[in-house]
Amino acid sequence: MPQVYSTRVFFLFVVAAYINIICEIVECAVFLYLVNVNNEFSSLKRTSQNLYVASLLVCAAIISVYVYAKIKYGGKVRKGVVASICVPAIIGITVIMVSRVYYATNDLGDYYNTGPGINFCYFIGFIYIFTTMIIAVAFRKRLNKNDARAIILGLVMWAILALFQFWYKGLQVSSIAIMLMALTLFLTMENPKEYYEKSMPKIRNRDAFQMVLTDWFCYKKHFFIASVIFTGKTNVLSGEDRQVFYDLQSGVAEMADRCIGEAAYLSNWNTLSFFMTDPAKVESLMSVVNNYKDEVANYKLTFSILEIPRHTSQYDEALQVLSYVSQEYVLAQSSPNLVIDEKIIDRMSYRNSIEDVVRQAIKDKAFDVYYQPILNVAEGKFYSAEALVRLRRPSTENFISPEDFIPIAEQCGLVQDIDDLVFEKVCSFIAREDLISYGIKRIEVNLSGNEAVDRQTFGRLRTKMEKYHIPPKFINFEITETAYINNDEAFKDNVRRLKELGSSFSMDDFGSGYSNLLELLKMDYVLVKMDKEFIWNCLDKNKPENLRMLEYSISFLKDYGLHVLAEGIETLEQAQTLIDFGVEYLQGFYYSRPLPESEYVEFLKTQKGDRL
């Protein structure tokens with residue numbers, strides 16, 4: 001069970017409720033069996049009655065503190081406020097100890113206590129219950145919806161039964177109300193099982209991790225969050241692979257428990273985290289993780305450490321950087337150990353700032369589309385161009401590199417929105433400037449793997465082409481990031497239907513990433529675009545043997561019936577070599593940088609005149 005403040009208060013409430021039941025049993029026994037004895041047991045009667053009333057007030061005060069702690073989740077619970085909440089209970093207990101109490105019977109012959117002191121304590125109890133209920137209703141938005149309902153329901157039941165006991169003298173039901181309150185909170189909010197992973201019973205879940213992290217931050221403690229990050233396979237796991245992964249994580253958690261005696265929390269799907277204050281334990285865990293051998297699942301285990309508050313003093317930032325490191329940063333690192341410091345946090349902040357710009361640009365439709373001319377080698381003419389998305393920072397008007405914002409958009413599930421906006425702008429531009437009249441035969445448009453597997457993609461693309469009266473054969477789709485194509489059936493269906501309309505397809509970035517020979521076999525591409533990094537490496541004069549790889553690759557693609565385009569052409573020498581090897585289309589800064597719409601139109605005019 002995560003040891004957060006509200007959890008400790010709940011435990012105290014359960015203990016107080018248990019004591020209240022014992023006090024009620026003792027009081028009832030005393031009055032049932034000793035009531036006819038005049039003086040011998042008067043002190044016992046008074047003591048049992050005082051303890052019972054005091055336990056009621058203590059329970060009421062504790063539940064008020066509990067609700068306050070829940071409302072302050074994410075903020076520090078102030079001792080002064082807790083003390084002020086307890087003051088009425090202390091006053092009530094003092095009054096009942098010094099005031100005179102009378103005993104009477106109801107119509108059924110049941111004994112009950114009465115007198116000014118008893119009535120005063122009832123008044124304090126009602127103040128606690130109704131005030132806490134009002135506060136819970138007023139601040140319900142600070143609570144989880146189910147938590148708010150449970151607290152309010154429990155208080156309503158308590159209030160009804162307390163009023164019933166006050167009205168019908170001699171019927172003791174307050175203890176029932178208290179136990180119902182405890183049971184309601186336990187079943188909905190404080191059940192320890194709710195804080196453990198169902199598939200890994202010894203590992204606490206992300207909710208427990210966030211609760212404990214909140215508690216540590218609230219009290220300005222110095223501590224470490226040590227994490228074990230599991231990488232090496234996709235996050236899309238089959239049933240068998242998933243169980244192997246769970247067994248691996250459970251094994252590491254048990255090993256850590258034996259080594260340092262600390263509980264494991266699943267802070268992310270691929271990350272186990274541990275809270276520690278002792279640097280020696282951090283060193284011990286790091287040594288164990290570094291020496292751990294995974295001979296079954298073949299995952300790489302990376303150990304990371306975040307020191308708080310040295311590197312961050314903010315709860316939200318800590319959560320963000322832990323997620324960033326385990327989901328993105330670790331994938332580009334080879335070291336088995338990572339110290340999360342200011343540099344990593346700065347990189348995360350930069351990454352998050354780009355995400356914010358991307359989200360706002362999608363909302364404002366603020367992406368620009370530039371066009372880079374493509375040379376047809378055989379005819380020596382620029383009959384096509386690639387549409388390239390561009391994004392500026394609103395504050396500086398500086399461009400953000402697509403190599404920075406496109407991967408982030410893909411990770412956040414935003415690339416489809418960008419694709420849609422870009423395609424809309426491309427179609428609008430083609431129609432508005434009548435590019436066909438300049439002799440342009442085709443515009444290359446990027447289609448992400450995410451969008452390629454969306455069954456709604458065909459309808460969206462066709463609708464836009466029809467809206468602007470664009471002949472489908474005028475559009476060639478470049479498939480990017482094929483790693484995201486995890487639904488071959490939907491992908492092939494979209495491609496088939498678009499090709500039936502007249503559009504064509506090309507593979508982008510051949511020679512890098514996920515654009516490989518297997519993808520060529522899966523898809524009937526017309527054109528293959530060779531990645532510029534691949535071409536530059538093959539043309540490296542210090543590695544003349546690489547030139548053979550380039551020649552063989554071009555020859556193979558052409559023998560397979562594919563047209564070949566080379567990207568990244570920056571010199572005449574590069575262009576000539578590629579032409580000699582049989583490349584049919586060339587694209588790069590040697591011919592033209594990517595141009596905004598107006599400049600691209602001017603470029604076409606210089607090539608063709610005002611119109612054909």
Quick check: do [X] and [Y] have side-chain heavy atoms less than 4.5 Å from each other?
{"X": "His222", "Y": "Thr277", "value": "no"}
{"X": "Met133", "Y": "Val156", "value": "yes"}
{"X": "Phe405", "Y": "Val357", "value": "no"}
{"X": "Ile340", "Y": "His311", "value": "no"}
{"X": "Met530", "Y": "Glu567", "value": "no"}
{"X": "Leu301", "Y": "Pro336", "value": "no"}
{"X": "Ile176", "Y": "Leu161", "value": "yes"}
{"X": "Phe224", "Y": "Phe274", "value": "no"}

Got a list of side-chain donor-acceptor pairs under 3.5 Å for residues 11-24, not counting sequence neighbours?
from: Asn20; atom 1: OD1; to: Ser175; atom 2: OG; distance (Å): 2.5
from: Asn20; atom 1: ND2; to: Ser55; atom 2: OG; distance (Å): 2.8
from: Glu24; atom 1: OE1; to: Ser175; atom 2: OG; distance (Å): 2.3

Closest heavy-atom pair and its distance - [X], [Y]:
{"X": "Ala162", "Y": "Phe126", "result": "CB-CE2, 3.6 Å"}
{"X": "Glu451", "Y": "Leu447", "result": "OE1-CD1, 3.6 Å"}
{"X": "Ser84", "Y": "Val81", "result": "OG-O, 2.6 Å"}
{"X": "Val358", "Y": "Ala409", "result": "CG1-CB, 4.4 Å"}
{"X": "Leu272", "Y": "Ala253", "result": "CD1-N, 4.0 Å"}
{"X": "Leu421", "Y": "Ala361", "result": "CD1-O, 4.5 Å"}

Contacts of type ring-ring contact (aromatic ring centres under 6.0 Å, His included), residue [X], not counting sequence neighbours:
{"X": "Phe303", "value": "none"}
{"X": "Phe399", "value": "Tyr370"}
{"X": "Phe367", "value": "none"}
{"X": "Phe275", "value": "Phe209, Trp216, Tyr265"}

What distance do [X] atom [atom1] and [Y] atom [atom2] have between them, rounded to the nearest 0.5 Å?
{"X": "Ile229", "Y": "Leu331", "atom1": "CD1", "atom2": "CG", "answer": "9.0 Å"}
{"X": "Ile305", "Y": "Leu285", "atom1": "CD1", "atom2": "CG", "answer": "8.0 Å"}
{"X": "Asp316", "Y": "Phe217", "atom1": "CG", "atom2": "CZ", "answer": "9.0 Å"}
{"X": "Ser64", "Y": "Ile135", "atom1": "OG", "atom2": "CD1", "answer": "7.0 Å"}
{"X": "Ile308", "Y": "Glu317", "atom1": "CD1", "atom2": "CD", "answer": "9.5 Å"}
{"X": "Tyr66", "Y": "Leu185", "atom1": "OH", "atom2": "CG", "answer": "5.0 Å"}

Assess whether atom [atom1] of [X] is packed by more than 12 heavy atoms of other residues, nucleotides or ligands within 6.0 Å.
{"X": "Glu545", "atom1": "CD", "result": "yes"}
{"X": "Lys300", "atom1": "NZ", "result": "yes"}
{"X": "Met97", "atom1": "CE", "result": "yes"}
{"X": "Arg310", "atom1": "CZ", "result": "no"}

Ring geometry between Phe245 and Tyr299 (parallel below 30°, tilted from 30 to 60°, perpendicular above 60°):
tilted

Atom pairs and distances, side-chain donor-acceptor, residues 412-419, under 3.5 Å, sequence neighbours left out:
from: Gln416; atom 1: NE2; to: Asp454; atom 2: OD2; distance (Å): 3.1
from: Asp419; atom 1: OD2; to: Ser448; atom 2: N; distance (Å): 3.1
from: Asp419; atom 1: OD2; to: Ser448; atom 2: OG; distance (Å): 2.8

Can you check whether [Y]'s main-chain N or O pairs, donor with acceptor, with [X]'s side chain at less than 3.5 Å?
{"X": "Ser287", "Y": "Ser284", "result": "no"}
{"X": "Thr94", "Y": "Ile90", "result": "yes"}
{"X": "Tyr128", "Y": "Ile85", "result": "yes"}
{"X": "Asp540", "Y": "Asn542", "result": "yes"}
{"X": "Ser313", "Y": "Pro309", "result": "no"}

With Glu355, which residues qualify under side chain to side chain donor-acceptor pair (under 3.5 Å), at least two apart?
Arg351, Arg359

Asp356: partners by side chain to side chain donor-acceptor pair (under 3.5 Å), with sequence neighbours left out:
none

State, without any angle test, whether Arg149 and Thr188 hold a side-chain donor-acceptor pair at a distance under 3.5 Å.
no

Can you list the residues that meet the salt bridge (charged side-chain N to carboxylate O under 4.0 Å, His left out) rule with Lys532, with sequence neighbours excluded?
none

Test of understanding: with salt bridge (charged side-chain N to carboxylate O under 4.0 Å, His left out), list the residues that count as partners of Arg347, not counting sequence neighbours.
none

Pair Ile225-Leu322, side-chain contact (heavy atoms from CB on, under 4.5 Å): steps then yes or no
CA-CA 9 Å; Ile225 301 177; Leu322 289 170; 3.9 Å; yes

With side-chain contact (heavy atoms from CB on, under 4.5 Å) as the test, would you mind laying out the steps for Thr302 and Gln333 before giving the verdict?
CA-CA 9 Å; Thr302 302; Gln333 305 303 309; over 6 Å; no

Given the rule in the side-chain contact (heavy atoms from CB on, under 4.5 Å) test, do Leu155 and Phe130 qualify, once you have shown the distances and angles that lead to the verdict?
CA-CA 8 Å; Leu155 289 169; Phe130 286 106; over 6 Å; no

Applying salt bridge (charged side-chain N to carboxylate O under 4.0 Å, His left out) to Arg204 and Glu197, what does each step give before you reach the verdict?
CA-CA 6 Å; Arg204 282 115 172 125; Glu197 285 291 319; over 6 Å; no

Residue list, side-chain contact (heavy atoms from CB on, under 4.5 Å) with Asn268, at least two apart or on another chain
Asn270, Thr271, Ser323, Ser326, Gln327

For residues 247-258, which residue pairs pass the salt bridge (Lys or Arg N to Asp or Glu O under 4.0 Å) check, not counting sequence neighbours?
Lys202-Glu254

From the list Asp346, Ile344, Asn352, side chain to side chain contact (heavy atoms under 4.5 Å, CB included) with Met348 holds only for Asn352

Criterion side-chain contact (heavy atoms from CB on, under 4.5 Å) on Tyr292 and Leu248, from CA distance to verdict
CA-CA 11 Å; Tyr292 186 84; Leu248 174 61; 3.6 Å; yes

